[in-house]
Amino acid sequence: MARHALDPTSEIYRLRHSLAHVLAQAVLEIRPNAKLGFGPPIEHGFYYDFDLEAPLTPEDFPDLEKRMRRIINSGQTFEREEVGAEEMSTRLEESRQSYKVEQVQDLAAQGEALTLYRNGPFWDLCEGPHVLNTKEIPGNCFALDTLAGAYWKGSEQNTMLQRVYGLAFESKLELRDFQEKRRLALERDHRKLNTQQHYFVIEEEVGKGLPLWMPNGTVIRDELEKLAKEWEFLGGYQRVATPHITKENLYHTSGHLPYYADSMFPPMEVDGEKLYLKPMNCPHHHMIYKAVPRSYRDLPVRFAEYGTCYRYEQSGELAGLLRVRALTMNDAHIYCTPEQVKEEFIRVMRLHIDYYNLFGLQNFWMRLSLAEEDTTKFVDDPEVWPQAEALVMEAMDEVEIPYEAVRGEAAFYGPKIDFQVSNVVGREETASTNQLDLVMAGRFELTYKGAVGQDHTPMIIHRAPLGTHERFCAFLIEHYGGAFPTWLAPVQVRIIPVAPTFSEYAHQLRGELHRDFLRIEVDDSHDSFGKKIRNGATAKIPNLLIVGGEEQSNQAVTWQRYGSKARETVAFTEFQSRILEENRNRADWRNV
RNA sequence: GCUGGCAUAGCUCAACUGGUAGAGCGGCUGAUUUGUAAUCAGCAGGUUACGGGUUCGAGUCCCCUUGCCAGCUCCA
């Protein structure tokens with residue numbers, strides 16, 4: 001799957017790139033002292049970073065857009081010019097573009113030939129390409145979108161510039177289309193749906209990033225846990241349970257304190273000891289492994305736990321359920337021999353695929369995160385890394401799922417495979433992470449006895465196919481748009497009597513299905529029948545049962561699915577067996 | 001954490017350039033007893049996020065705090 005592959009030779013690339021220059025020109029008209037940062041084309045348009053004495057506000061957009069159109073209509077020609085590094089620096093210094101001067105130094109160090117593009121009064125250090133003339137840009141194909149801060153060269157150490165985002169497409173129609181799609185996608189945002197469905201609540205009194213799970217959200221958590229427990233049981237996992245706080249020393253052993261301390265809550269002091277809230281479950285599982293002598297005959301050992309962890313995320317990174325400070329992971333650690341590790345890794349990959357098929361997720365891809373030379377972020381062991389990376393890549397090839405490799409994003413103890421999904425607004429999220437870890441076993445002195453009695457170090461796989469409850473539930477809410485399949489729905493069946501006379505019959509059915517462990521309710525309100533139908537639909541309940549005189553006399557129900565006008569009247573016992581089977585099979589009624 | 005924006009009833013939103021806070025939905029009460037997307041009526045809900053300032057007067061202007069949103073950085 002080609003991702004974010006912006007093709008510099010394409011029409012739209014030149015269009016967006018040129019619009020970035022036009023924007024910069026317009027900004028310089030109203031802010032002559034603005035210093036320019038970067039201004040590239042991006043997925044849905046372009047942006048340009050500015051260092052401004054007074055910040056722009058959204059109120060400036062209409063004026064800027066007007067100026068941009070005027071520039072476009074004036075028919076400026078884009079001219080390319082090759083300029084030596086020294087000459088380029090001089091010219092940029094003359095126009096007091098200090099960021100660009102810095103950029104010239106970086107580029108010159110790499111020995112690149114430098115080019116600039118000039119259109120009208122504006123010129124910019126830039127490698128192009130651009131349209132030939134601004135007249136090629138349809139005046140109504142773009143719109144300034146949002147303002148944001150962005151660090152110069154993307155580093156927190158640098159000054160923050162102001163970034164202006166613009167949308168741009170080849171035609172007005174495509175622009176409108178995108179804006180409409182985005183508006184619709186926003187309707188599926190889990191935070192938006194949450195105001196209607198009440199899955200969770202984050203209260204200021206409790207703390208930011210600390211969600212409280214309401215009954216509806218807890219149903220989804222519980223059902224996911226049931227699923228995981230069943231499949232992990234079948235996969236040969238054993239369940240374990242571990243505490244939320246732990247003595248400091250365990251995290252020195254694991255290496256979390258040097259490498260991960262920024263993401264941990266500060267410790268609490270008790271009886272002269274420091275205790276930390278756990279940011280990960282692995283050290284505890286390693287201790288369980290270590291508590292009993294292990295033989296090669298025992299391996300692989302697979303410990304699974306839905307473990308709750310606490311991570312100190314920076315406040316600005318928190319977002320609904322997608323980024324929180326208290327999270328419960330679908331965690332497990334697999335301890336195995338070098339001979340077993342590839343097979344185990346492949347089984348983990350296959351488990352992912354099974355889950356994703358169950359949820360009907362097609363739009364996902366894998367990202368392989370590898371270490372880089374910067375050893376401050378990674379456990380430094382030159383022998384172990386290439387070995388681990390090669391092993392992972394072999395396994396990935398074997399399951400035949402395409403992946404993209406990224407340097408420098410590994411976990412500090414090993415290469416990482418992330419399953420990336422894209423949420424409804426197109427933002428990429430990591431749904432789950434898996435790691436091959438050739439480091440921890442050594443640090444924890446984990447061993448197993450080999451066939452001839454000598455000690456060996458096991459290999460460890462960290463895996464969390466369902467990620468965390470928080471992120472996965474958020475993702476599922478958006479994926480299903482709040483209309484869950486029967487097995488996940490907070491209310492699975494609602495019975496609507498056409499008149500109060502049939503309420504007793506409705507309750508009789510409710511009692512029976514309740515004993516079958518279905519989440520079921522009767523709409524006893526004083527609303528009109530039409531209103532009850534409407535309420536059932538807006539509540540996105542997957543199954544509505546309508547009962548009246550006809551149904552009662554035949555011991556039947558009229559069954560209607562969410563989002564469908566179709567309905568069928570069936571014997572109650574038939575409904576009962578069909579809905580129970582659907583629930584048991586975790587089938588999605590959209591596919592039935 | 002950083003940059004910018006936002007904050008009015010449970011939800012969605014009103015209140016012209018400062019002149020004593022309103023509606024719909026939802027909730028409650030009563031009437032209505034309904035066969036596929038809103039039955040009718042009445043009632044109750046707000047120290048306009050918190051604290052301070054300017055003013056005869058602040059939801060509206062200014063400052064602070066908190067929270068939320070977008071993006072950056074970071075990440076499951």
Side-chain angles (χ1 to χ4, degrees), chain A residues 47 49-52 55-59 145-165 186 189 191-192 194-196 198 201-205 207-208 260 262-263 279-280 309 311-325 327-331 369 409 411 416 418-421 425 427-435 462 464-472 474-475 496-503 525-539 544 546-551 558 560 563-567 569:
Chain A
Y47 69 76
D49 291 341
F50 304 96
D51 192 349
L52 301 164
L56 294 167
T57 70
E59 280 94 77
D145 194 29
T146 52
L147 289 167
Y151 298 106
W152 167 239
K153 289 203 263 185
S155 167
E156 226 173 341
Q157 315 301 324
N158 294 337
T159 12
M160 178 158 278
L161 310 175
Q162 195 175 29
R163 177 171 296 178
V164 182
Y165 280 96
L186 255 35
D189 187 302
R191 289 165 300 191
K192 170 120 184 165
N194 188 51
T195 62
Q196 296 142 25
H198 305 304
V201 61
I202 297 175
E203 292 291 356
E204 202 178 324
E205 292 91 329
K208 54 204 306 190
Y260 203 78
D262 282 354
S263 300
M280 291 179 180
C309 298
R311 297 182 183 175
Y312 179 75
E313 301 289 350
Q314 297 187 70
S315 62
E317 290 156 359
L318 302 171
L321 286 181
L322 284 174
R323 281 295 282 284
V324 293
R325 286 177 169 170
L327 44 109
T328 301
M329 298 173 70
N330 169 233
D331 213 357
S369 299
E409 299 199 351
K416 198 166 78 161
D418 296 324
F419 277 68
Q420 300 296 106
V421 294
V425 262
R427 192 166 50 207
E428 182 176 333
E429 304 284 355
T430 299
S432 60
T433 284
N434 310 279
Q435 285 127 25
H462 305 238
L466 298 177
T468 65
H469 275 325
E470 288 69 23
R471 186 169 285 181
F472 209 78
F475 179 73
I496 301 177
V498 300
T501 333
F502 311 108
S503 183
S525 67
H526 286 187
D527 291 323
S528 67
F529 179 70
K531 186 62 182 293
K532 288 180 184 183
I533 294 291
R534 182 186 153 83
N535 285 344
T538 52
L544 295 182
I546 287 75
V547 296
E550 224 177 285
E551 287 83 1
T558 294
Q560 189 169 354
S564 169
K565 294 256 181 261
R567 45 184 178 267
T569 301

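Each chain gets a letter, A, B and so on, in the order the sequences are listed, and its residues count up from 1.
- Among residues two or more places apart in sequence or in another chain, the ring pair (Phe, Tyr, Trp, His ring centres under 6.0 Å) test is passed with A/Phe50 by A/Tyr48.
- On a pure distance criterion of 3.5 Å, no polar donor-acceptor pair joins the side chain of A/Tyr312 and the base of B/G1.
- Put simply, the side chain of A/Lys532 gets close to the backbone of A/Ser525: a donor and an acceptor are under 3.5 Å apart.
- Across the protein-nucleic acid pair, A/Asp418 atom CG and B/C75 atom C1' stand 10 Å apart, rounded to whole Å.
- Looking at residues two or more places apart in sequence or on another chain, you find no ring pair (Phe, Tyr, Trp, His ring centres under 6.0 Å) involving A/Phe529.
- Nucleotides B/G67 and B/C28 place their C1' atoms 31 Å apart, quoted to the nearest Å.
- Spacing between B/A58 and B/G26 at atom P, rounded to whole Å, works out to 36 Å.
- Panel note: side chain A/Arg311, backbone A/Pro279; a donor-acceptor pair is recorded below 3.5 Å.
- In the set B/C72, B/G4, B/C74, the nucleotide with an atom closest to the side chain of A/Gln162 is B/G4.
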Could you run down the sub-3.5 Å N/O contacts of the protein with nucleotides 66-69 of chain B?
from	atom 1	to	atom 2	distance (Å)
B/U66	O2'	A/Glu204	OE2	2.2
B/C69	OP1	A/Arg191	NH1	2.8

Fill in the blank from the handout: In B/S/- notation (B base, S sugar-phosphate only, - none; protein heavy atoms under 4.0 Å), nucleotides 26-42 of chain B written 5' to 3' is S-----BBBBBBBB---
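- Residues forming a ring pair (Phe, Tyr, Trp, His ring centres under 6.0 Å) with A/Tyr260 (at least two apart in sequence, or on another chain): A/His256.
- B/U47 and B/C43 have their C1' atoms separated by 23 Å, with the value rounded to a whole Å.
- Applying the side chain to side chain contact (heavy atoms under 4.5 Å, CB included) criterion to A/Ala537, with sequence neighbours excluded, gives no partner residue.
- Applying the side-chain hydrogen bond (donor to acceptor under 3.5 Å, both in side chains) criterion to A/Thr569, with sequence neighbours excluded, gives A/Thr558.
- Between the CD atom of A/Gln196 and the P atom of B/C25 there is a distance of 17 Å, rounded to whole Å.
- Residue A/Arg323 is in base contact, counting any heavy-atom pair closer than 4.0 Å across all strands shown.
- Residue-level contact check: A/Phe472 touches neither bases nor backbone, having no heavy atom under 4.0 Å from any strand.
- In this model, no side-chain donor or acceptor of A/Arg325 finds a partner on the base of B/C75 within 3.5 Å.
- The side chain of A/Glu317 lies closest to B/U73, out of B/G71, B/C75, B/U73.
- To the nearest angstrom, P of B/G71 lies 11 Å from CG of A/Leu322.
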Fill in the blank from the handout: Here RNA chain B, pairs taken as Watson-Crick or G-U under 3.5 Å and shown with ( ), [ ] when crossing and | when to another strand, reads (((((((..((((.....[..)))).(((((.......))))).....(.(((..]....))).))))))))....
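- Here A/Thr468 lies in heavy-atom contact (under 4.0 Å) with a base.
- We find that CE of A/Met160 is positioned 12 Å from C1' of B/A70, with the value rounded to whole Å.
- Protein atom OH of A/Tyr165 is 5 Å distant from nucleotide atom C1' of B/G71, rounded to whole Å.
- Sequence order on RNA chain B of the closest nucleotides to A/Arg163 and A/Thr433 puts A/Arg163 first from the 5' end.
- Look at the P atom in both B/U12 and B/A70: the space between them is 15 Å, to the nearest Å.
- By the side-chain hydrogen bond (donor to acceptor under 3.5 Å, both in side chains) test, A/Thr328 is found to be paired with A/Thr308, residues two or more places apart in sequence or in another chain being considered.
- B/C74 atom P lies 14 Å from atom OH of A/Tyr260, rounded to whole Å.
- The same atom, C1', is picked in B/A76 and in B/A37; the two are 39 Å apart, to the nearest Å.
- Nucleic acid contact for A/Met329: none, since no nucleic acid atom lies under 4.0 Å from a heavy atom of the residue.
- Residues passing the side-chain hydrogen bond (donor to acceptor under 3.5 Å, both in side chains) test with A/Gln420 are A/Glu428, A/Thr430, sequence neighbours excluded.
- Atom C1' of B/G24 sits at a distance of 15 Å from the matching atom of B/U8, rounded to the whole Å.
- With sequence neighbours excluded, no residue forms a salt bridge (Lys or Arg N to Asp or Glu O under 4.0 Å) with A/Lys531.
- The side-chain hydrogen bond (donor to acceptor under 3.5 Å, both in side chains) search around A/Thr501 returns none, not counting sequence neighbours.
- Look at CG on A/Leu321: it is 16 Å from C1' on B/C75, rounded to the nearest Å.
- Nucleotides B/G46 and B/U3 are separated by 37 Å at their P atoms, to the nearest Å.
- Look at B/G45: its glycosidic torsion is within 90° of 0, and that puts it in the syn range.
- The backbone N or O of A/Asp49 sits nowhere less than 3.5 Å from a side-chain atom of A/Arg163 that would complete a donor-acceptor pair.
- Taking the side chain as every heavy atom from C-beta outward, A/Leu186 and A/Lys192 never approach each other to under 4.5 Å.
- When atom types are taken as modelled, the side chain of A/Glu470 and the backbone of A/Ala474 share no donor-acceptor pair closer than 3.5 angstrom.
- Remark: the separation of the C1' atoms in B/C64 and B/G52 is 7 Å, to the nearest Å.
- Between A/Asp262 atom CG and B/C75 atom P there is a gap of 10 Å when expressed in whole angstrom units.
- Judged by closest nucleotide on RNA chain B, A/Glu156 is the one of A/Glu156 and A/Ala431 placed further toward the 5' end.
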